[in-house]
Amino acid sequence: MKAARRPVRTRLRDRVAASDPGLLRLTAGLRTVGAIALALAVLAVLGADVTHLVAGAMAAMVATFAIREKQPAAQAVTLALGLPVALASVSLSALLRPHVVLGDAFFVVLIFCAVYGRRFGDRGTALGLIGFQTYFLTLFVGAEVSALPQLWGAIAVAFLCSAVVRFAIVPATPAGILQRLRQAFRARLAQLISAQIELLDAGPGDVDRVMEHLRDGTARLHETALMIQSRLEEGTPDESTARLVQRRVADAEIAAERLGLLLLTARSTERADTLTLHLPGAPAPSMERADSPDETTAMLRRDLGALRALMLRPPAEARGTALSHVRNRLLGYRDEENLPRTTAALQDVFRGVGEAARAVMGLRMALDGPQDESADTPATARSREELDAEDAAIDAGEEVRPEEELTGLRRPTTRAAVQVAVGSSLAIVGGEFLSSQRWYWAVLTCWIVFLNTASTGEILVKGYRRLLGTVFGVVAGIVLAGLVGNHTWTAFGLVLLLIFAMFYTAPLSYTLMSFFVTAMLGLLYTLLHTYSLSVLLLRVEETALGAACGIIAAALVLPIRTDRRTNELLGTVLERLVDVTEGAVDQLSGGPAADLLDTARDLDQALGDLRGATQPLTHPITPLRARRNTARYVVALLETCAYHARSLAATAELLPTHPSIAADPRLRGAVRRTVRNIEAIAARVADEHAQVEVETGPSIASLLEPGAEGTSRYGRITGRVLRHLERLDEAVVGLARPLGVPVAAPKR
């Protein structure tokens, strides 16, 4: 019975790991709810009244979610500094409450300082957030000067409970988070392989659905790889180990994405475009019928399932003759062993399975330590030797890219602080007209719409989402308040449930988070005996006013237009693309070794920033459909370029240790046109009047001497490098049309 239950637990664990990489959302929710519950329990034992119970709960929530440092020691310091900041903030709020004008003026100054403090990193952001939220807390509970000692005590208890939960009850070390992120990467890799198996078996009517699964799986795997990258420095014992894990994760990601592209090509009745895998909603290519799979298809399905099993097998069970036999069979495809007699496209898929199996073995060696070598075949031993040689060749040195130091109003934190201060001033004035008691809701919304936004369009979308979530949350708050009635501890229990849902869904949907916040506030008003339908409707009005004030301030005060923001980020992406492409090709041409993986991750990060900045352009509510389609198309083309550039970088990293890859000086000249085209597009993005054009001409392969395109796997240059260069060149030319760059006619 025990053996029968275990696979179910394993599958459940893998699903949870894949849906919440690193369990970061679960940890945030449990920590916040645990801190609030503990604070409520302690305050109840101490005999606190309902008002101070609510204040303690809100302070515990703020003390928990505000702190974002990764190292526990840094978290402890920030939490210790946050307590005096919170006490000073509530004291000033209570003292200034009778003096309306002076209190409002100080609130605006506090908001400016809190936002400006972001320039000092996570600690400055946390202390600013604590100062603002505890000032707001005092306004919410209506604290008087005479009640300050009790309020200080409630806040001190809340901070202490937050520390106990953070460091003792729900601890999370950088190494532990990284370990869980590794598990999430494995689970998402297995999910992507499952989507590839679906693609193998998909009939004509299922292709669109399966392609969406494939795109989602590829994007989720890439997201997890970037999350691992951000945690490597803190979660590994030394820089060499960090770079080893980084390389193995990159290899596995590239191998899995390439396998999907090869499978897509094999199933398509015509040449499959790489863009198909990166453009959401793109029409799926026509597929050959798979109603009666032949022996080769069944063999490929079996091998894809075996590859998924190799990835998911726990370290304790990753031994045995049967598992070694499966691994050896898959790795043999890399050396042309046992390839079925079938079409060239399908044979490429089997080779891709072999490359993915090698990447999986390298990932297991990096994450789980030495593997069982007793049943290695020559092909497996050769793959293992290659991996060992790569590990030995890792250079721990890292070149840090200097960043431009912005000053004055050019600094984003300064600009945002000025904008929020102006918007909050408008919100205070307008909020006072709506309600002299609850005007602060408008200020809170104005503050929140500026968090993690950098352009007017992003603020507009965030304000819309908050208003939408608030409207639905009011309805839920009315229903819950009616059900709870005067049952205090039932209300607190529902508050805890809503807070957990709020933090668990926050990274997924801002609208959902706003919904849970508003529903929770309905219950808090019930606890404070200030609940009424008019209060919740006022909440909607104040939210709409605060969002409008934030949008007005963003549009009129030191504005950053969405077009300007996206153009700046697009220029950065193109610059990073040139860095990766030139660095990889230079190394493949015989140049010195460079830190290509970090350069590739810089490209991925820049592309992620651009993807986030284009959300206002691609949001469903945007009325400019053509512009939305253009933005999605450009981002998808850039993702295609990034994939090929990453693949070139990964191949170049193998150059010192693989006899099958040799430097070819001809590549340096062949890629010049592609680099010139990227630079021309970047020049047009920076200056729309720039007189530039994109060149077209013969294929990359034809620029090399005859015979290069057909070189074998063990020739001077692999066909894979040529294919990536060709596809990169085509994707760059494809960028010219939507970005308005003229394309020159091919030169004879």
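Residues V245 and R182 are in side-chain contact: their nearest non-hydrogen atoms beyond the backbone lie under 4.5 Å apart. In this structure, D303 and Y333 have side chains that are in contact, with non-hydrogen atoms separated by less than 4.5 Å. By the 4.5 Å heavy-atom criterion applied to side chains, V685 and V741 are not counted as neighbours. Residues L300 and L263 form a side-chain contact, since some pair of their non-hydrogen atoms from C-beta on lies under 4.5 Å apart. Two residues are said to be in side-chain contact when any heavy atoms from C-beta on lie closer than 4.5 Å; E355 and L259 fail this criterion. Inter-residue side-chain proximity for L310 and R364 is flagged as unmet; no heavy-atom pair is nearer than 4.5 Å. Residues L588 and T651 meet the side-chain proximity criterion, which asks for heavy atoms closer than 4.5 Å. Side-chain contact between I228 and L178 is present, with at least one heavy-atom pair separated by less than 4.5 Å.
The main-chain N or O of S19 is found under 3.5 Å from a side-chain atom of R25 such that the two form a donor-acceptor pair. With E693 contributing its side chain and V743 its backbone, the two residues share no donor-acceptor pair below 3.5 Å. Side-chain N or O atoms of T296 include none that pairs as donor or acceptor with a backbone N or O of T342 at under 3.5 Å. In this structure, D586 contributes its side chain and G591 its backbone to no donor-acceptor pair below 3.5 Å. Side-chain atoms of R188 come within 3.5 Å of backbone atoms of R220 as a donor-acceptor pair (strictly under, hydrogens ignored). The closest donor-acceptor contact from the side chain of R308 to the backbone of L192 lies at 3.5 Å or more, if one exists at all. A distance-only check finds a donor-acceptor pair linking the side chain of T614 to the backbone of R611 [under 3.5 Å].
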Q. When you look at F185 and M227, which way does the side chain to side chain contact (heavy atoms under 4.5 Å, CB included) test go after all the steps?
A. CA-CA 10 Å; F185 185 82; M227 293 174 72; over 6 Å; no
Q: Before giving the answer on side chain to side chain contact (heavy atoms under 4.5 Å, CB included), spell out for R646 and V580 the whole-Å C-alpha distance, their side-chain angles and the decisive distance to 0.1 Å.
A: CA-CA 8 Å; R646 282 199 307 270; V580 177; over 6 Å; no
**Q.** CA sep, side-chain torsions, deciding dist, call: L330, F350, side chain to side chain contact (heavy atoms under 4.5 Å, CB included)
**A.** CA-CA 8 Å; L330 300 185; F350 280 96; over 6 Å; no
Q: For the pair R601 and D598, evaluate salt bridge (charged side-chain N to carboxylate O under 4.0 Å, His left out) and give the outcome as yes or no after the intermediate values.
A: CA-CA 5 Å; R601 285 307 176 199; D598 281 347; over 6 Å; no
Q.
Does M211 form a side chain to side chain contact (heavy atoms under 4.5 Å, CB included) with L199? I'd like the steps, not just the answer.
A. CA-CA 7 Å; M211 283 303 303; L199 178 63; 4.2 Å; yes
Q: For side-chain hydrogen bond (donor to acceptor under 3.5 Å, both in side chains), just list the numbers for D579 and T599, CA-CA rounded to whole Å, side-chain angles, deciding distance to a tenth of an Å, and then say yes or no.
A: CA-CA 7 Å; D579 292 342; T599 308; over 6 Å; no
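For the residue pair L667 and V585, the shortest heavy atom distance occurs at O-CG1, 3.6 Å. Shortest non-hydrogen contact noted between I193 and L304 is CG2-O, 3.5 Å. Across all their heavy atoms, L214 and Q196 have their closest contact at CD1-CG, 3.6 Å. Between A645 and L577, the shortest heavy-atom distance links the atoms CB-CD1, 3.8 Å. Between L610 and L570, the shortest heavy-atom distance links the atoms CD1-N, 4.0 Å. Between P340 and Q347, the closest heavy-atom pair is O-NE2, 3.0 Å.
Atom CD in E582 sits 12.5 Å away from atom CG in L648 (nearest 0.5 Å). Atom-to-atom distance recorded for R341:CZ and L339:CG is 11.5 Å, nearest 0.5 angstrom. Between the OG atom in S230 and the CD1 atom in I177 there is a gap of 9.5 Å [rounded to 0.5 Å]. The line from OG1 of T343 to CG of L346 is 4.0 Å long, rounded to the nearest 0.5 Å. Note that CG of L574 is 6.0 Å distant from CG of L638, once rounded to the nearest 0.5 Å. The structure places OH of Y643 at 10.0 Å from OG1 of T218, a figure rounded to the nearest 0.5 Å.
Between E679 and R676 there is no salt bridge, since none of the side-chain N atoms of the basic residue sits less than 4.0 Å from a carboxylate O of the acidic one. Ion pair D20/R180 not flagged as a salt bridge, since none of the NZ, NE, NH1 or NH2 atoms sits closer than 4.0 Å to an Asp/Glu carboxylate oxygen. Salt-bridge check for D604 with R576: failed, with every basic side-chain N at 4.0 Å or more from each acidic carboxylate O. Under a 4.0 Å N-O distance rule, the pair R248/D251 qualifies as a salt bridge.
Between H644 and the options H724, E730, E726, R723, a side-chain contact (heavy atoms from CB on, under 4.5 Å) holds for only H724. Under the side chain to side chain donor-acceptor pair (under 3.5 Å) rule, H222 has a single partner from E639, E257, E253, which is E253.
If you check the side chains of D216 and Q191, you find no donor sitting under 3.5 Å from an acceptor.
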